[in-house]
Number of protein chains: 2
Amino acid sequence: MSDNDPDARTAHGAGRTVADLGEEGVIAAATRRVTADPRVPVGPGDDAAVVLAPDGRVVVSSDAVVEGRHFRFDLSTPEHVGRRVIAQNAADIAAMGAVCTAFTVTLGCPADTAAEVIERLSEGIAAGAAAAGGAVVGGDVVRTDQVIVSVTVLGDLAGRAPVLLSGARPGDVLAVCGTLGHSAAGLAALEARDAECPEVVAVYRVPEPPLAAGPTAADAGATAMTDVSDGLVRDARAIAMASRVTVDLDPAALDPQPGAPHPDPLLARAASRRGAAALDWVLTGGEDHALLATFPPDVVLPKGFRRIGRVLAGEPGVTVADEPAPERGGWTSFVSNEE
Amino acid sequence: MSDNDPDARTAHGAGRTVADLGEEGVIAAATRRVTADPRVPVGPGDDAAVVLAPDGRVVVSSDAVVEGRHFRFDLSTPEHVGRRVIAQNAADIAAMGAVCTAFTVTLGCPADTAAEVIERLSEGIAAGAAAAGGAVVGGDVVRTDQVIVSVTVLGDLAGRAPVLLSGARPGDVLAVCGTLGHSAAGLAALEARDAECPEVVAVYRVPEPPLAAGPTAADAGATAMTDVSDGLVRDARAIAMASRVTVDLDPAALDPQPGAPHPDPLLARAASRRGAAALDWVLTGGEDHALLATFPPDVVLPKGFRRIGRVLAGEPGVTVADEPAPERGGWTSFVSNEE
């Protein structure tokens, strides 16, 4: 199967399909790489799994991806899809200041899906889970018209207070850890069949959220935190609305051009090749899953975080250098004009 | 919307659709009925929820249903669908000997789905969660070609050892709590448009697993347990294979006819009206979500459980009065000849 085969999902010639594997075969393929984990007293195969929750609380979040909507098999391999859905789930746990412990994966696919696709998707899921420090402990397999991967992630706070959207206070510093706009730039490069921007294409296919920075930020006193999944303006707005504050973004700190305070040569180059405005990608491109956090003004920002704005008293919302932020852009599920 | 409208999913006339609601509107509809719960320090609306896990372990399971495959809007209302998917998830927690604490719900639906359908589905989910003793703490909304409800349930063992599939021992008693075959009988009645069997139709639409019997069975010393989701023979086989024992079913104890040791007049009547063999529904009909458990021979069975067989040393598998059990029947996702 090539990366650019739009029919990559179905079996060709004599290839096995998931209908040949059957439900138990699909589950066996999906859980083959599950290894013993001391934090998982009961793993896959029973009615439910049992996962240690040493903190006495468990952090839980669910996030799904749908073929043709969140990914395309002509732009991503099954391994990419598996790694990506795990990464975006893991980012939600990091954004609470917690560490991942376990994942469940519900897989929906048409009966004519190639068995190889499911096996490679499962490899990606297993690799992603290992990278995130969690175990795949269970799930379900159902027949659907499109490939759907619905993931739930569990995490542990290790005694920390969860970092919420609602804790930002006027005077706080707004900071980010991780890339912004790379995923959007990578998708644009793929759609233009531009092979000269492999770094941003890699972020589109498999974002690498700075997971360890979540607990570190919590320990440093972060007052609010989220991951940038819908675009910087939209996710900053989520903090602003929940905290009833104005979040003001500093365009100089976000400008990726050479000579700016925080240049981003990969993004600047990708934008130049597309004739695109790199700052637009920074402000509205989602799915890099950088961590966006607010800190008290006197805090020394943890390693990896850089200041990109400030928190002000005022009308809840987002401004860019005190001007209203663009309303458009960022991901919503049912609006027709987005990617 | 009537119960027998095959186009019941889409909006008619000037009705609002989920595209009108948008993702945030759908999420608002789905979480409107979430109320404060002392076991949920952080509820829906943040990157992740935080749920108490007082035992220091969390039990987790995921189960999804797909329109046209696991439910049909001409046979079930949206409320039924919501209650049913929660009930089947909750049964997996009970089958471990645990109690439900929380649910996440990932909802996929086409953009032309009536907003009313999502609101009623959400009401069913909320009602089902309340009945199961858990809170709906989060989830995701995605656009798909069919309605899909993917649920993850969390549970707490309250210090109990989890009851696994693998603990049955030769000499144990096999017992069941709850109905068998009613869901299959209810589906058959609905498909025959037979209005004279409302009790079994109700079980098809919304099974009521005996959730409290799970922890009770664990406390009474159950050695293995599962819920009957795929059919009695298939689920007994899961215990037999995991425990490396023969599970022998007693047809006299399972016979629903009047005069048998455990008559089941509702099932016998439904079978009579269809000209069907009631015992077949008992052996292979799934989705009642009764609890099937093995107990040491000297145990007084907990209230609600009745003896239906025994555990023997021998080839792992299921027999009925020492004869091999029927291979067919029971639910599998990718086999083409099932319901």
Side-chain angles (χ1 to χ4, degrees), chain A residues 18-19 21-23 26 41-42 45-66 69-70 92-93 95-96 98 102 104-106 108 111 137-146 148 150 152 154-155 157 162 164-165 226-227 242 332-336, chain B residues 18-19 21-23 26 41-42 45-66 69-70 92-93 95-96 98 102 104-106 108 111 137-146 148 150 152 154-155 157 162 164-165 226-227 242 332-336:
Chain A
V18 297
L21 285 183
E23 180 178 357
V26 172
V42 179
D46 219 298
D47 292 286
V50 181
V51 178
L52 296 187
D55 176 83
R57 299 167 296 175
V58 62
V59 187
V60 58
S61 181
S62 297
D63 221 0
V65 294
V66 180
R69 187 122 194 103
H70 305 91
D92 284 323
I93 297 300
M96 301 296 284
T104 67
V105 179
T106 291
V137 300
D140 193 10
V141 177
V142 292
R143 195 199 282 189
T144 51
D145 291 345
Q146 306 148 287
I148 298 168
S150 172
T152 296
L154 304 184
L157 282 160
L164 308 183
L165 291 169
T226 191
D227 71 305
T332 61
S333 281
F334 288 100
V335 179
S336 57
Chain B
V18 297
L21 286 182
E23 180 177 358
V26 173
V42 180
D46 219 297
D47 292 287
V50 180
V51 178
L52 296 188
D55 176 85
R57 300 167 295 176
V58 62
V59 188
V60 58
S61 181
S62 297
D63 223 359
V65 294
V66 179
R69 187 121 195 105
H70 305 91
D92 284 321
I93 296 302
M96 302 297 284
T104 68
V105 179
T106 291
V137 300
D140 193 11
V141 177
V142 292
R143 194 199 286 188
T144 51
D145 291 345
Q146 307 148 287
I148 298 169
S150 173
T152 295
L154 304 183
L157 283 159
L164 307 183
L165 292 169
T226 191
D227 70 305
T332 61
S333 280
F334 289 100
V335 180
S336 56

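Every chain is numbered from 1 and lettered A, B, ... according to where its sequence line falls, protein lines coming before strand lines.
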Checking heavy atoms, do the side chain of B:Val60, its backbone, both or neither come under 4.5 Å from chain A?
-> both
Side chains of B:Ser62 and A:Asp140: donor-acceptor distance under 3.5 Å anywhere?
-> no
Chain A contact via B:Val42 - which portion, at a heavy-atom distance below 4.5 Å = side chain
Heavy-atom pair count under 4.5 Å with chain B, highest-scoring of A:Leu157, A:Thr152, A:Asp92, A:Ile148 = A:Asp92
Side chain, backbone, both or neither: which part of A:Thr106 has a heavy atom under 4.5 Å from chain B?
-> side chain
Non-hydrogen atoms of chain B under 4.5 Å away: do they reach the side chain of A:Asp227, the backbone, both or neither?
-> both
Counting heavy-atom pairs under 4.5 Å with chain B, the top scorer among A:Leu52, A:Thr104, A:Val51 is A:Val51
Out of B:Ala64, B:Gly139, B:Pro162, which one racks up the most heavy-atom pairs below 4.5 Å with chain A?
-> B:Ala64
Do B:Val142 and A:Arg69 touch side chain to side chain, with heavy atoms closer than 4.5 Å?
-> no
Does any heavy atom of chain B fall under 4.5 Å from the side chain of A:Val58, the backbone, both, or neither of them?
-> both
Write down the atom of A:Met96, the atom of B:Ala48, and the distance for their closest heavy-atom approach.
-> CE-O, 3.3 Å
Using non-hydrogen atoms and a 4.5 Å limit, figure out which bit of A:Val59 sits close to chain B: side chain, backbone, both or neither.
-> both
Rounded to the nearest 0.5 Å, how far does CG of A:Leu165 lie from OG1 of A:Thr226?
-> 5.0 Å
One option among A:Asp55, A:Ile93, A:Asp47 has the most heavy-atom pairs under 4.5 Å with chain B, and it is A:Asp47
Between the main-chain N or O of B:Asp145 and the side-chain N or O of A:Gln146, is there a donor-acceptor pair closer than 3.5 Å?
-> yes
